[in-house]
Every structure is written in structure tokens, then in C-alpha cells.
Amino acid sequence: LSFPAMAAWQLDAQRSSLFFVSTKKNTVAETHHFDDISGKYEQGQARLAIDLASVETNIDIRNERMQEHLFEVGDFATALVTVEVPEQRVADLAPGDNLILDTTATLSLHGSEKPVDTVLSVTRLADDTIQVANLRPVIINAGDFGLARGVEKLREIAGLPSISPAVPAQFTLYYTKR
Ligand code: OTP
């Protein structure tokens with residue numbers, strides 16, 4: 001007897017995206033993203049790695065300050081997300097099918113590891129392609145990951161009256177079967 005090997009799914013980094021929003025002076029919200037993410041999904045576990053030095057805010061000096069004073073990329077280069085998704089649930093999806101999954105991921109960021117509740121929308125686009133996006137907005141609180149001091153530092157450097165520590169994030173991930 002042999003069992004069919006379950007496929008490994010690789011993140012298609014070119015198509016995938018991870019955005020987050022900062023808010024300064026109470027009213028000025030800006031969208032940023034990470035240029036370099038990677039990941040795979042196999043044996044029921046999805047892993048997503050975020051290169052924190054690839055933060056893109058469209059302002060070079062702000063990118064540098066976030067790398068140095070917020071993420072401290074010299075010590076914490078990568079954020080890692082893991083989440084369990086039963087393989088059979090994905091295998092059962094025919095092209096065009098969609099699955100809503102209410103689950104909890106683990107986010108390891110800046111030396112802290114915390115659960116992050118998320119509602120995933122998983123869509124099989126083709127036999128060898130799935131798309132996974134957050135259905136519900138995800139809000140990351142800087143204080144949960146030891147980033148409050150860094151946010152405060154950025155506020156000081158820029159001479160701003162306030163920067164919010166609550167940061168909405170949005171991801172759309174594409175995986176291809178290998
Ligand atoms: O003077 P001036 O006004 O010009 O000043 P400036 O604007 O120049 O400078 C001031 C600086 C400002 C305003 C910037 C301040 C910055 C902030 C407040 C940002 C703080 C950032 C934080 C707190 C966090 C950033 C976000 C991340 C590191 C990403 C976190 C990861 C997330 C959200 C992803 C979570 C993923 C989940 C939950 C699941 C993913 C799903 C899967 C892997 C499943 C796949 C499934 C299958 C089946 C394959």
C-alpha cells in the first residue's frame with residue numbers, strides 16, 4: 001500500500017503582499033508594506049517569513065529609522081508567522097472553491113511570540129494555485145511585541161505629537177504547488 005504524497009506549497013512572493021498602516025498626528029494614516037516575504041505550506045503547517053529590513057514606506061530615511069529604531073533588524077532580522085491549516089481542508093477545495101477559516105496564528109516578532117487571531121479566506125484558483133487572505137482586518141499592537149519604545153523613538157526623532165501603536169495589517173498570499 002502506498003499513500004499519495006501530500007504536496008508542498010511554495011509562496012509566490014512576487015504576487016503576494018503584506019501591508020500595514022501607521023497613523024500619526026491622530027489623523028494621518030499611511031500604508032506601508034514589506035518587499036521581501038517568503039513561505040511555504042506543508043504537512044498542515046503554513047510558515048511565513050518577513051524580512052523586516054525590506055520595509056517599504058516610500059521614504060528612505062523613514063525605512064532606515066524603522067529598521068534601526070523600531071524593528072532593530074541587527075538583532076531581529078525576520079518576523080515569523082506559523083499557522084496550522086489541515087491539509088485535507090485544502091485538498092478538498094476544487095478550483096473556484098473558497099473556505100473561511102477562523103483560526104489563530106503565532107507571530108514571532110522582535111523577540112516576542114504571541115497568538116494572533118485571524119479569519120482566513122482560502123480560495124483555490126487553479127489545481128496548483130491557492131490564495132490566502134485575511135477576511136477580517138488584523139490589528140497588531142506595538143506593545144504586544146516590545147515595539148512601543150521604538151514607536152516612541154520614531155515619534156521623538158520626527159518631532160511628532162503622536163504615533164498610534166495600533167497598526168492594522170492586510171495580507172494576500174499566493175501559493176503554488178511544487
Ligand atoms: O516628520 P514626518 O511626519 O515626516 O515623520 P515620518 O512619517 O517620516 O516618521 C514617523 C514614522 C511613522 C509615522 C511610522 C511609524 C510606524 C509604525 C507605527 C509601525 C509599527 C509597526 C508594527 C507595530 C508592526 C508591523 C507589522 C509587521 C511586522 C507584520 C506583522 C505580521 C502580520 C500582520 C501577518 C500576520 C499573518 C497571519 C495572522 C496569518 C498568515 C496566514 C498564513 C501564513 C496561512 C497560509 C495558509 C495556507 C493554507 C497556505
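Quantities reported herein were computed from a predicted structural model and do not represent experimental measurements. Start at 1 and go down the list; that is how both ligands and their atoms are numbered.
When only non-hydrogen protein atoms are considered, atom 8 (O) of ligand 1 lies nearest to R62 CD, 3.3 Å. Looking only at heavy atoms of the protein, atom 14 (C) of ligand 1 is closest to S22 OG, 3.9 Å. Looking at atom 12 (C) of ligand 1, its nearest protein heavy atom turns out to be I163 CD1, 4.0 Å. Looking at atom 1 (O) of ligand 1, its nearest protein heavy atom turns out to be A158 CB, 3.6 Å. Residue, atom and distance of the protein heavy atom nearest to atom 24 (C) of ligand 1 are I140 CG2, 4.1 Å. When hydrogens are left out, the protein atom nearest atom 31 (C) of ligand 1 is I50 CD1, 3.8 Å; that is the closest non-hydrogen contact. Distance from atom 32 (C) of ligand 1 to its nearest protein heavy atom, with residue and atom name: L18 CD1, 4.1 Å. Looking only at protein heavy atoms, the nearest one to atom 22 (C) of ligand 1 is V167 CG2, 4.0 Å.
Remark: the D128 side chain and the T176 side chain contain no N/O donor-acceptor pair separated by less than 3.5 Å. Remark: the S112 side chain and the D144 side chain contain no N/O donor-acceptor pair separated by less than 3.5 Å. Residues R47 and T82 bring no donor and acceptor atom of their side chains to less than 3.5 Å of each other. In summary, the side chains of Q67 and N63 do not present any donor paired with an acceptor at a separation below 3.5 Å, with no hydrogens or angles considered.
For F34, the closest heavy-atom approach to ligand 1 falls below 4.0 Å. Residue-ligand proximity: P165 is placed with every non-hydrogen atom at 4.0 Å or more from ligand 1. For the ligand labelled ligand 1, residue V81 lies inside the 4.0 Å heavy-atom shell. Residue F171 places a heavy atom less than 4.0 Å from ligand 1. Residue contacts with ligand 1: V132 is included, with a non-hydrogen atom under 4.0 Å away.
Below 3.5 Å of separation, one finds no N or O of T118 facing any N or O of ligand 1. Between K24 and ligand 1, a contact under 3.5 Å exists for at least one N or O pair.
A salt bridge is absent between K153 and E72; no separation between the charged side-chain nitrogens and carboxylate oxygens falls under 4.0 Å.
In L160, the part holding a heavy atom less than 4.0 Å from any atom of ligand 1 is the side chain. Within the 4.0 Å heavy-atom criterion, neither part of N134 lies near ligand 1.
Applying the 4.0 Å criterion to heavy atoms of A169 picks out, from ligand 1, the atoms 33 (C). Listed by number with element, the atoms of ligand 1 under 4.0 Å from a non-hydrogen atom of A105 are 38 (C). When each atom of ligand 1 is checked for a heavy atom of S164 under 4.0 Å away, the hits are 18 (C). Within ligand 1, the atoms closer than 4.0 Å to a non-hydrogen atom of A46 are 44 (C), 45 (C), 46 (C), numbered from 1 in the order shown.
Neither L11 nor Y174 shares a network with the other; the hydrophobic side chains, linked directly or stepwise wherever heavy atoms of I, L, V, M, F, W or Y lie under 4.5 Å apart, form separate groups for each. Clustering ILVMFWY residues whenever any of their side-chain heavy atoms sit less than 4.5 angstrom apart, transitively, puts L154 in a cluster other than the one holding V21. Under a hydrophobic-cluster definition in which Ile, Leu, Val, Met, Phe, Trp and Tyr are linked whenever side-chain heavy atoms come within less than 4.5 Å, directly or via other members, L70 and F76 are assigned to different clusters.
The number of heavy atoms from other shown groups lying within 6.0 Å of NZ (K25) does not exceed 12.
Rounded to the nearest 0.5 angstrom, E87 CD and W9 CH2 are separated by 10.5 Å.
Residue nearest to atom 21 (C) of ligand 1, selected from T82, L70, V55: L70 (by heavy-atom distance).
Between F20 and H32, the two ring planes are tilted [angle within 30° to 60°].
Listed for the H33 side chain is no donor-acceptor partner under 3.5 Å among the backbone atoms of L18.
With V122 as reference, L93 is the one residue of V85, N98, L93 to meet the side-chain contact (heavy atoms from CB on, under 4.5 Å) rule.
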